[in-house]
2 protein chains.
Amino acid sequence: MTIKDIPSQTIDRLFTYFRALTCLIREGTETVSSKRLAEICRVSAAVVRKDFSYFGEFGTRGVGYNVKDLLDNIRRILDFDSPTEVALVGVGNVGRALLQHSQFELEGFKIALAFDKDPRKVGHKIGSVTVQDTKGMGKKIRSRGIDLVILAVPDSTAPGVAKSLAKEGLGAILSFSPCDLAMPDGIKITCVDLSMEMARLLYHSRLQSRLAEMRLEG
Amino acid sequence: MTIKDIPSQTIDRLFTYFRALTCLIREGTETVSSKRLAEICRVSAAVVRKDFSYFGEFGTRGVGYNVKDLLDNIRRILDFDSPTEVALVGVGNVGRALLQHSQFELEGFKIALAFDKDPRKVGHKIGSVTVQDTKGMGKKIRSRGIDLVILAVPDSTAPGVAKSLAKEGLGAILSFSPCDLAMPDGIKITCVDLSMEMARLLYHSRLQSRLAEMRLEG
DNA sequence: AAGCCCTTGTGATCGTGTTCACATTCACAT
DNA sequence: ATGTGAATGTGAACACGATCACAAGGGCTT
Ligand SMILES: NC(=O)c1ccc[n+]([C@@H]2O[C@H](COP(=O)([O-])OP(=O)(O)OC[C@H]3O[C@@H](n4cnc5c(N)ncnc54)[C@H](O)[C@@H]3O)[C@@H](O)[C@H]2O)c1
Ligand SMILES: NC(=O)c1ccc[n+]([C@@H]2O[C@H](COP(=O)([O-])OP(=O)(O)OC[C@H]3O[C@@H](n4cnc5c(N)ncnc54)[C@H](O)[C@@H]3O)[C@@H](O)[C@H]2O)c1
């Protein structure tokens, strides 16, 4: 049993379970059954049990899973050991909101560096971070051991910045601009594309209504 | 051939193709092959062709797909006919950024209503929208024919607001708070969970490095 | 300590979606 | 016209992941 034998969808779902379990902890829940966790994550109970079974036996038969233990196990599997530093590039509307979002630190992430090209923004301190000029940005990021950059620059400049970061050997980019899809191998990129999310949501919501109507009509 | 015979993953990918094609249009590209589109969207060329084949024959053999025509076809399939109005609840750091983001309108969405509980925010005009009090919020949203709400309130209040919107018969919520997962049937909810996205990205990026190393070592 | 209830863990089965491979068809050059 | 090269469209084969169904096992009650 190697990592390659585990369905990639199982790995993806671990992140969903992780999030759900942190919420359950906050609510004070101590034990959760595969059935309950499945409802929350919108999957089947069998999937939940099978997913965990790839990694060990984390539950107690007749009882369920201890929320805290399960969370620790997932944390170990996913290697969420220590707080992770990330860098932010682009301190505009989105970047500013992110810098003011103190909750990231509770979730194990810290924006340690922030960069902007605009001289009027350089030097300002937002949250606990001072905005720096983009000169030598790649070096500063890499020398601090940071693997992930949040990219919040205008659509038009995003591809250029992304490519230059890729050249510096960065591992991953979370971009708020769409269209940074085609990237060299070796760098992972995910785009937070709100318009597409809204479009998806609306499609599924409308489909659901249409199906419900059809069922009523016979 | 009904909608039920079409893989749901095919539908999901249509949104990705849609986004990629809008980018190609902006670049001035007129024709695209399944191979090229597949690279951009990170799927296989066969998948691209099969996906489209469920809906008709949109390409020209030996040439590829006309970008504009293909986009129109997807638009028709997904029912992206007319601009869609949405409402925003919570005008804090995130909400303010969204209201100032004029690009939504280019992508077919308009934030037509904005609500906040804080009296100091009510009455302020941000972008082209004036922030309203939350009293009678559900009615105002529904009577305008809006199906989708963007939820950008603090984590703690999000579940309550989401539930009350669900009661009003709203179709869909795009939430920036995690943990609104367990919702009554009939309402679709998607959470934009940046921490989880960062965690996913880092996991995959590190896995990739590890695999690359192993390949080097033999 | 015995029996009952409950939920896990898991091999076997099933279904769905992806890949394969090639016949088909179009554009264009000669 | 006819040949050539190129990319589509698609049935068949395949692989993967989900579901099923139940044996296994822990906890609680009496
Ligand atoms: N604002 C939103 O609500 C929203 C919503 C969805 C998507 N987006 C996307 O997110 C991205 C950022 O949006 P925004 O509203 O924050 O834009 P913005 O214009 O407010 O901010 C962009 C910032 O990037 C800086 N910048 C420009 N070029 C740079 C470079 N080469 N290096 C470093 N910094 C640079 C600018 O000085 C500016 O401060 C855009 O792609 C936008 O489409 C934004
Ligand atoms: N700021 C970020 O960068 C960021 C990043 C990731 C996730 N998030 C999440 O997004 C959500 C919003 O974050 P934020 O930074 O904008 O918060 P914020 O505190 O800046 O803004 C929240 C706004 O909601 C309003 N509000 C509170 N209760 C309300 C109610 N019942 N009805 C209507 N309005 C109400 C408040 O008055 C305030 O204006 C939070 O769940 C946060 O965790 C934010």
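A, B, ... follow the sequence lines: proteins, then strands. Residue 1 opens every chain. What you see is a predicted model; the values in this text were computed from it and never measured.
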[X] side-chain N/O to [N] phosphate OP1/OP2 under 4.0 Å:
X	N	result
Ser34(A)	dT7(C)	no
Tyr65(A)	dG9(C)	yes
Gln9(A)	dC16(D)	no

Taking for each residue the nucleotide of DNA chain C with the nearest heavy atom, is it Val63(A) or Val63(B) whose nucleotide lies nearer the 5' end? Val63(A)
In whole Å, I'd like the distance from the [atom1] atom of [X] to the [atom2] atom of [N].
X	N	atom1	atom2	answer
Asn73(A)	dG9(C)	CG	C1'	15 Å
Asp51(B)	dT8(D)	CG	P	13 Å
Arg49(A)	dT8(C)	CZ	P	6 Å
Asp5(B)	dG17(C)	CG	P	10 Å
Leu37(A)	dG9(C)	CG	C1'	16 Å
Asn66(A)	dT8(C)	CG	P	13 Å
Leu70(B)	dT8(D)	CG	P	11 Å
Glu57(A)	dG26(D)	CD	C1'	12 Å

Have a look at [X] and say if it touches a base, only the backbone sugar-phosphate, or nothing, with a 4.0 Å heavy-atom cut-off.
X	answer
Arg13(B)	sugar-phosphate
Phe52(B)	nothing
Lys35(A)	nothing

At what distance, to the nearest 0.5 angstrom, does SG of Cys41(B) lie from CZ of Arg36(B)? 9.5 Å
Going from CZ on Phe58(A) to OG on Ser34(A), what distance comes out if it is rounded to the nearest 0.5 angstrom? 14.5 Å
Shortest side-chain distance from [X], nucleotide among [options]:
X	options	value
Arg61(B)	dG27(D), dA24(D), dT8(D)	dT8(D)
Ala46(A)	dC20(D), dT18(C), dT19(C)	dC20(D)
Ser44(B)	dA7(D), dT19(C), dT8(C)	dT19(C)
Thr60(A)	dA21(C), dT19(D), dG26(D)	dG26(D)
Ser33(A)	dT8(D), dT10(C), dT8(C)	dT8(C)
Ser8(B)	dG9(C), dG17(C), dT8(D)	dG17(C)

Can Glu168(A) and Arg142(A) be counted as an ion pair, charged N to O under 4.0 angstrom? no
Apply salt bridge (charged side-chain N to carboxylate O under 4.0 Å, His left out) to residues Asp72(B) and Arg76(B) and explain how you reach the verdict. CA-CA 6 Å; Asp72(B) 285 343; Arg76(B) 186 177 42 72; over 6 Å; no
Taking a pair as Watson-Crick or G-U wobble with both distances under 3.5 Å, which nucleotide is matched to dT30(C)? dA1(D)
Evaluate the side-chain hydrogen bond (donor to acceptor under 3.5 Å, both in side chains) criterion for residues Glu30(A) and Asn66(A): first the C-alpha distance (whole Å), next the side-chain angles of each, then the deciding distance (0.1 Å), finally the verdict. CA-CA 6 Å; Glu30(A) 287 183 3; Asn66(A) 177 286; 5.9 Å; no
Donor-acceptor pair, Ser44(B) side chain versus Val47(B) backbone, under 3.5 Å? yes
